[in-house]
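The figures that follow rest on heavy atoms only: side chains count, while hydrogens, waters and symmetry mates do not. The first residue of the sequence shown is numbered 1, and numbering continues consecutively from there. The model shown is predicted, which means the values in this text are computed figures rather than measured ones.
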Amino acid sequence: MLASVVVDREVNFVKAVDERRIHQIFEVSVWLKGAHALIECLGGVLLYLVSTNTIASWVNAFTQDELIEDPNDFIAGYLSQMASHFSIASKEFYAFYLLSHGLIKLLLVVGLLRASCGRIRLRSRRWERS
């Protein structure tokens with residue numbers, strides 16, 4: 001009888017440790033998602049602020065050496081062509097998309113972290129009673 005109680009407590013302890021580890025991995029993934037959302041928001045704001053001519057000149061400066069070395073380079077040629085056809089409407093759409101998508105993800109991250117912290121408080125209270 002005593003042995004089964006000890007085994008039950010050990011099993012409960014192992015489950016609690018596994019559950020804590022899974023929760024830690026979950027929290028890290030949510031924080032990483034939040035960092036990605038911030039980068040999206042920052043990218044959206046920067047895209048709103050930078051002109052299409054500036055973007056085209058940056059891409060041309062970035063691909064110029066590669067196109068001089070190999071004029072038929074597919075990636076550099078494609079990037080240069082896309083930058084030259086990048087319209088103001090496209091820029092504003094991408095900026096709006098990045099900013100709105102990032103903000104929605106940030107709201108979800110905040111909600112998940114708040115709910116996660118609430119569960120931790122409930123669990124700690126439950127363990128204190130036991």
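- The OH atom of Tyr48 sits 10.0 Å away from atom CG of Leu98, with the distance rounded to the nearest 0.5 Å.
- In plain terms, the two heavy atoms of Gly44 and Ala95 that are nearest each other are O-CB, 3.5 Å.
- Glu19 and His23 form no side-chain donor-acceptor contact under 3.5 Å, judged by distance and modelled atom types alone.
- To the nearest 0.5 Å, the span separating NE2 on His101 from NE2 on His36 amounts to 8.5 Å.
- Here the side chains of Ser87 and Thr52 are not in contact, with every heavy-atom distance at 4.5 Å or above.
- Both Phe96 and Val45 are assigned to one and the same hydrophobic cluster, defined by single-linkage of ILVMFWY side chains at heavy-atom distances under 4.5 Å.
- Considering every non-hydrogen atom in both Leu106 and Leu38, the closest pair reads CD1-CD2, 3.7 Å.
- Taking a 6.0 Å sphere around CD1 of Ile75, one finds it holds 12 or fewer heavy atoms contributed by other residues, nucleotides or ligands.
- Residues Lys105 and Ala37 come closest through the heavy atom pair CB-CB, 3.7 Å.
- The distance from the CD1 atom of Ile104 to the CD atom of Glu40 is 10.0 Å, given to the nearest 0.5 Å.
- Put simply, CZ on Phe62 and CG on Leu67 are 11.0 Å apart, with the number rounded to the nearest 0.5 Å.
- Ile88 CD1: 12 or fewer foreign heavy atoms inside a 6.0 Å radius.
- Transitive grouping of hydrophobic side chains (ILVMFWY, heavy atoms separated by less than 4.5 Å) brings Trp58 and Phe86 into a common cluster.
- For the residue pair Gly102 and Cys41, the shortest heavy atom distance occurs at C-SG, 3.4 Å.
- Closest non-hydrogen pair, Ser57 versus Thr54, comes out as OG-O, 2.8 Å.
- Under the 4.5 Å side-chain heavy-atom criterion for Ile, Leu, Val, Met, Phe, Trp and Tyr, Leu103 and Leu49 are members of the same hydrophobic cluster.
- In this structure, NZ in Lys91 is found 7.0 Å from OG in Ser51, a value given to the nearest 0.5 Å.
- Distance CD1/Ile68 to CG/Asp70: 12.0 Å, rounded to 0.5 Å.
- No donor-acceptor pair closer than 3.5 Å links the side chain of Ser80 to the backbone N or O of Gly77.
- A single hydrophobic cluster is seen to contain both Leu79 and Phe74, as judged by linkage of ILVMFWY side chains at heavy-atom distances under 4.5 Å, directly or through other members.
- Residues Phe93 and Val50 are members of one and the same hydrophobic cluster, defined by side-chain heavy-atom contacts under 4.5 angstrom among Ile, Leu, Val, Met, Phe, Trp and Tyr.
- Looking only at side-chain heavy atoms (C-beta outward), Ile55 and Leu47 come within less than 4.5 Å of each other.
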